[in-house]
2 protein chains.
Amino acid sequence: MLRTHAHTKGGMLVKKGLSETCYRFFTNLSNPTRLATLEKLMKKPMSVNELADSLGQEQSMVSHNLKPLLQCNLVYIKREGKKRIYSVNSETLGELFKVIENHAKKFCPTGGKCILRGD
Amino acid sequence: MLRTHAHTKGGMLVKKGLSETCYRFFTNLSNPTRLATLEKLMKKPMSVNELADSLGQEQSMVSHNLKPLLQCNLVYIKREGKKRIYSVNSETLGELFKVIENHAKKFCPTGGKCILRGD
DNA sequence: TCTTCATATGTATTATTCTTCATATAAATT
DNA sequence: AATTTATATGAAGAATAATACATATGAAGA
C-alpha cells in the first residue's frame with residue numbers, strides 16, 4: 001500500500017487500503033465534464049438544470065456525471081422543492097487544488113500544455 | 001476557470017488555465033498500474049525491469065505507464081549505465097495523498113468501498 | 001388524481017484509454 | 001563492430017468510460 005515519506009523515512013503516506021480510494025477518487029476527477037461541473041459549483045451552488053444550462057450540456061449528462069461526484073462526497077446535495085441543489089465539498093477540493101496549483105507552479109513550466117499521451 | 005474559496009470568498013482557488021492541468025494530472029493518476037507503480041517507487045527508487053518484476057507486469061507496459069508520470073513530473077528519472085532509475089516526486093505526492101487520506105477519513109466511511117459507477 | 005416540472009436511470013452507440021506483442025533505440029561490453 | 005542488456009515505441013485488439021436519447025421516478029400544485 002501507498003506509504004508516506006517513501007523510502008526516506010518509512011512513515012505511512014497513505015494508509016493501507018487507500019490505494020483503492022485513490023483510484024476511485026482520481027477516476028472521478030479525470031473527466032472534463034465533471035471538472036467543469038465542480039468549477040461551476042465552486043462559484044455557486046446550483047440545481048441540475050441550472051448546471052446544464054450553465055455548462056451547455058444535456059440534463060441527463062449532467063445527472064450522470066454528478067452521480068459519482070456525489071458518491072465520493074465531492075459534492076453535496078440538498079432538496080429544495082422539486083429542485084436538488086448541488087454544492088462542492090470545498091474542504092477537500094480547496095486543499096486538492098492547492099496541491100495541484102503548487103505542483104503546476106513548480107513542475108509545469110508550460111502551464112498545463114505538457115503532452116500527456118500525445119507525442 | 002477553477003477558483004478558490006468558491007463562491008464564499010471569491011478568491012482564486014485554481015489559477016486560470018489550471019483546469020487543463022488538473023485534467024491531465026487526474027487522468028494520469030486514475031490508473032491502477034500507475035498508482036501501483038508510484039506505490040512501489042515510494043518504497044525505493046527502481047529501474048524499469050525491477051519495477052516490472054516487482055509489479056509482475058511486462059516491461060513494456062511499465063514503460064508505457066511511466067511515460068505520462070514522467071511527463072507530469074510525478075516521477076523523476078536518472079540514468080545509471082544502461083538502467084534508468086525512477087523515483088517519485090514525493091513533494092507533490094506526499095501532499096496529495098495527505099489530502100485524499102483526510103478526505104477518506106471524513107467522507108469515505110466504507111474505506112474506499114463506495115461504488116463509483118456501479119449503483 | 002392528473003398534470004407539470006425537476007431529476008434520475010437504462011441502454012445503445014461512440015469515443016477513449018489499456019494492454020500486448022513486435023520491434024526499435026541506445027548504452028555498455030567483448 | 002558485433003553482441004548483450006535495458007528501455008522505449010508503434011500499432012492493433014481488448015477493455016472501459018462517456019454521451020445521447022428515451023423513459024422512469026418523484027415532488028408539487030391544480
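Any value given below was found using the heavy atoms of this structure, including those in side chains, with hydrogens, waters and symmetry copies removed. Throughout, a chain's letter reflects where its sequence line sits, starting with A, and its residues are numbered from 1.
- The phosphate of D/dA8 (OP1 or OP2) has a side-chain N or O of B/Arg84 nearer than 4.0 angstrom.
- For A/Val48, whose side chain is taken as the heavy atoms from C-beta onward, the closest listed nucleotide among C/dT20, D/dA20, C/dA8 is C/dA8.
- Hydrophobic clustering, with ILVMFWY side chains joined whenever heavy atoms are under 4.5 angstrom apart, keeps A/Leu29 apart from A/Met61.
- Regarding contacts with the backbone of D/dA6, every side-chain N or O of B/Ser47 stays at 4.0 angstrom or more from both OP1 and OP2.
- With DNA chain C read from its 5' end, the first of the two nearest nucleotides for A/Met61 and A/Lys82 is the one closest to A/Lys82.
- Residue A/Arg34 places at least one side-chain N or O closer than 4.0 Å to OP1 or OP2 of D/dA18.
- The interatomic distance linking B/Ile77 (CD1) with D/dT7 (C1') rounds to 9 Å, in whole Å.
- If you check C/dT17, D/dT19, D/dA8 against the side chain of A/Asn65, the one that comes closest is D/dT19.
- Note: the hydrophobic cluster containing B/Leu70 does not contain B/Ile85 (ILVMFWY, side chain heavy atoms under 4.5 Å, direct or indirect links).
- Going from atom NZ of A/Lys83 over to atom P of D/dA28 covers 13 Å, rounded to whole Å.
- Pair assignment for D/dA28 gives C/dT3, based on Watson-Crick or G-U wobble hydrogen-bonding distances that are each under 3.5 Å.
- Per the geometry, CZ belonging to A/Arg79 stands 11 Å off C1' belonging to C/dA8, to the nearest Å.
- In this structure, A/Gly81 and A/Glu58 both approach DNA chain D, and ranking their closest nucleotides by distance from the 5' end singles out A/Glu58.
- Centre separation under 5.5 Å together with a plane angle under 30° does not hold for the ring of A/His64 and the six-membered base ring of D/dT19, so they are not marked as stacked.
- Regarding contacts with the backbone of C/dT19, a side-chain N or O of B/Thr33 is found under 4.0 angstrom from either OP1 or OP2.
- Rounded to an integer number of Å, the gap from CG of B/Leu29 to P of C/dT17 is 15 Å.
- Atom CG in B/Leu51 sits roughly 9 Å away from atom P in D/dT7 (whole-Å rounding).
- The distance from atom CG of B/Leu35 to atom C1' of C/dC18 is 14 Å, rounded to the nearest whole Å.
- Scanning all heavy atoms of the two residues, the minimum distance from B/Tyr23 to A/Pro32 falls at CE1-CD, 3.5 Å.
- With D/dT7, D/dC21, D/dA17 as the candidates, the nucleotide lying closest to the side chain of A/Tyr23 is D/dA17.
- Inter-residue side-chain proximity for B/Arg24 and B/Thr27 is flagged as unmet; no heavy-atom pair is nearer than 4.5 Å.
- Taking atom CG of residue B/Leu66 and atom P of nucleotide D/dT9, one finds them 11 Å apart after rounding to whole Å.
- Between B/Gln59 and B/Pro32, the residue whose closest nucleotide on DNA chain C is further toward the 5' end is B/Pro32.
- When each of A/Leu74, A/Asn89, A/Thr21 is checked for a side chain to side chain contact (heavy atoms under 4.5 Å, CB included) with B/Phe107, only A/Asn89 meets the rule.
- Using a 4.0 Å heavy-atom distance criterion, A/Ser60 is classed as a base contact.
- Between C/dT9, C/dT20, D/dT7, one nucleotide has an atom nearer to the side chain of B/Ser63 than all others, and that is D/dT7.
- Using a 4.5 Å heavy-atom cutoff, the side chains of A/Ser63 and A/Lys67 are not in contact.
- Contact annotation: B/Asn31 side-chain N/O to C/dT17 OP1/OP2 distance is not under 4.0 Å.
- At C/dA6, none of the side-chain N or O atoms of A/Tyr86 fall inside 4.0 Å of OP1 or OP2 (strictly under the cut-off).
- Atom C1' of nucleotide C/dT17 and atom NZ of B/Lys67 are separated by 14 Å, given to the nearest angstrom.
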